[in-house]
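First comes the structure, then the notes that go with it.
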Amino acid sequence: MGGANPARHRFVNRSLAGLVMSRVHDCLIIGAGPAGLTAAIYLARYHLDVVAVDSGRSRAASIPCSHNHAGFPDGIPGTELLDRMRRQATRYGAEVRPGRIDALALDAGGFTATGTDTLRARSVLLATGVTNRRPSMPDALHDAALAAGRLRYCPICDGYEVTDRRVAVIGTGDHGVKEATFLRSYTRDVALFAADGPHALSDGDRACLARIGVRTVDGPVCDFALTPDGLGFRSCAGRELFDSVYPALGSDIHSGLAGALGADRTEEGCIRTDTHQRTSVPGLYAAGDVVLGLDQISHAMGEGGVAATTIRNDLTRDAPLLRP
């Protein structure tokens, strides 16, 4: 494709029999969301051999239209942003392929990854992200409500869009309280609903929420329905309709591959890295939402750029890349 540079550095490894040459990538990126694709662009432009394997479940793909991503004043759908980034990465020679990586193993040459395909690489970048925990509703209804802006997962991303609207937060405990409090700066009409039963709130939390005017309602929350006027559901307070509903139910962190290699993780499961995105396992790096930090596209992209540059420098520390 136009712009691709064929003068790439390739690294190969002979089999024990010495007869078969197997390709060893400079870097395997697991996950092709904003962090992984940014890293792929950088690494390809560093003239390194990079392959990104993606399961197709990036959270960014579920964003109907991002209005806080710099450079897009009219907003951009998550799918369009990812498509643009994929095209940019492949233009410079990165390979982005669909698939799954189920296991990683260390070997003398770096890493062997097994899953949809078996791949070898001198380094690995984990950009595997997280998955939001959803309220109990049919998938079709969930997706329709998300597309309509009636169901939202990120008040940092789109709290502005619910200014002076009627908002429900589904959650409890510290996470639910923080999200409801954050959204209270956008609208005076915020209610916090427990998802499954009575609220798990301290007296201090209840007093704080009462002081700022956030109503608390016990669960369970059920019987969701999307209408032209909003997203409604039933709780112990009866049936109510809201302009937007924010689930504050936490997320599942996809850090199992790092954990299996013995990489340090937080108590919640986020991968610990240094300031250059190195994990505690040499040759293994991590970026994006799977690392503890601000879960934002811009932040993930920044970490992807840092990780790629660190990988390039680490790989070439003893053998600098020199143009022929």
Side-chain angles (χ1 to χ4, degrees), residues 34 59-60 62-63 66-69 129-137 142 145-146 149-221 224 230-231 233 235-237 240 242-255 265-273 288-300 302-303:
R59 279 203 302 179
S62 67
I63 300 172
S66 175
H67 291 279
N68 73 334
H69 187 52
V130 304
T131 298
N132 295 320
R133 294 174 188 157
R134 299 180 172 190
S136 180
M137 63 171 65
H142 173 278
L146 194 67
R150 300 303 189 181
L151 189 68
R152 301 176 181 271
Y153 281 93
C154 181
I156 294 174
C157 305
D158 54 28
Y160 183 89
E161 274 65 51
V162 300
T163 298
D164 294 333
R165 301 289 185 177
R166 193 173 191 219
V167 172
V169 177
I170 300 175
T172 193
D174 186 61
H175 191 63
V177 171
K178 286 181 177 178
E179 191 138 324
T181 302
F182 187 91
L183 283 161
R184 181 62 181 82
S185 67
Y186 292 97
T187 175
R188 66 174 58 87
D189 196 340
V190 180
L192 178 63
F193 291 80
D196 300 318
H199 264 298
L201 299 172
S202 68
D203 290 342
D205 285 338
R206 289 184 183 277
C208 175
L209 293 171
R211 185 168 59 252
I212 63 175
V214 173
R215 182 167 54 102
T216 58
V217 183
D218 289 338
V221 168
F224 288 87
L231 181 61
F233 56 80
S235 72
C236 67
E240 297 184 68
F242 295 90
D243 292 298
S244 286
V245 175
Y246 282 85
L249 303 173
S251 56
D252 296 316
I253 303 163
H254 304 310
S255 62
R265 294 184 289 175
T266 67
E267 185 176 324
E268 296 78 18
C270 291
I271 302 172
R272 295 185 189 275
T273 68
D289 295 351
V290 75
V291 177
L292 184 64
L294 185 66
D295 288 357
Q296 291 286 287
I297 291 173
S298 58
H299 189 72
E303 289 190 343

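Quick caveat: nothing in here was measured; it's all calculated off a predicted structure.
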Quick one: pull up [atom1] in [X] and [atom2] in [Y] and give me the separation to the nearest 0.5 Å.
X      : Y      : atom1 : atom2 : value
Leu201 : Thr216 : CG    : OG1   : 6.5 Å
Leu151 : Ser244 : CG    : OG    : 8.5 Å
Leu183 : Asp189 : CG    : CG    : 11.5 Å
Ile156 : Glu179 : CD1   : CD    : 8.5 Å
Asp174 : Asp205 : CG    : CG    : 7.0 Å
Ser298 : His69  : OG    : NE2   : 7.5 Å

Mark yes or no for whether [X], through its side chain, and [Y], through its backbone, hold a donor-acceptor pair below 3.5 Å.
X      : Y      : answer
Ser185 : Phe182 : yes
Arg184 : Val190 : no
Arg150 : Asp243 : yes
His199 : Val217 : yes
Thr172 : Ala195 : no
Glu303 : Gly288 : yes

Which atom pair, heavy atoms only, marks the closest approach of [X] to [Y]?
X      : Y      : value
Leu192 : Gly171 : CD1-O, 3.3 Å
Leu294 : His299 : O-CD2, 3.2 Å
Pro135 : Tyr153 : CD-OH, 3.5 Å
Arg265 : Ser255 : NH1-OG, 3.1 Å
Tyr246 : Cys154 : CE2-C, 3.9 Å
Ala180 : Val169 : CA-CG2, 4.1 Å

Taking C-beta and beyond as the side chain, do [X] and [Y] meet within less than 4.5 Å on heavy atoms?
X      : Y      : value
Val291 : Cys270 : no
Leu292 : Arg272 : no
Gln296 : Asn68  : yes
Asp218 : Ser235 : no

Task: Residue pair Glu268, Thr266: steps toward the side-chain hydrogen bond (donor to acceptor under 3.5 Å, both in side chains) verdict - done: CA-CA 5 Å; Glu268 296 78 18; Thr266 67; 3.3 Å; yes

Task: Candidate list Val130, Ile297, Thr131, test side chain to side chain contact (heavy atoms under 4.5 Å, CB included), partner Asp289, passing option - done: Val130

- [ ] Determine, stepwise, if the pair Tyr186 / Asp158 fulfils side-chain hydrogen bond (donor to acceptor under 3.5 Å, both in side chains).
- [x] CA-CA 10 Å; Tyr186 292 97; Asp158 54 28; over 6 Å; no

Taking atom [atom1] of [X] as the centre, does the number of heavy atoms from other residues, nucleotides or ligands within less than 6.0 Å exceed 12?
X      : atom1 : result
Arg206 : CZ    : yes
Asp196 : CG    : no
Arg165 : CZ    : no

TODO: Please identify each residue that fulfils salt bridge (Lys or Arg N to Asp or Glu O under 4.0 Å) with Arg215, with sequence neighbours left out.
DONE: Glu240

Open item on the list: Evaluate Phe193 against Phe242 for ring-ring contact (aromatic ring centres under 6.0 Å, His included), listing each step before the verdict.
Closed with: CA-CA 12 Å; Phe193 291 80; Phe242 295 90; 5.6 Å; yes

Open item on the list: I'd like to know whether Val167 forms a side-chain contact (heavy atoms from CB on, under 4.5 Å) with Arg152, so could you lay out the CA-CA distance, the side-chain angles of the two residues, the decisive distance to 0.1 Å, and finally the verdict.
Closed with: CA-CA 10 Å; Val167 172; Arg152 301 176 181 271; over 6 Å; no

Open item on the list: For Leu249 and Arg134: C-alpha separation, side-chain torsions, deciding distance, then whether side-chain contact (heavy atoms from CB on, under 4.5 Å) applies.
Closed with: CA-CA 7 Å; Leu249 303 173; Arg134 299 180 172 190; 6.0 Å; no

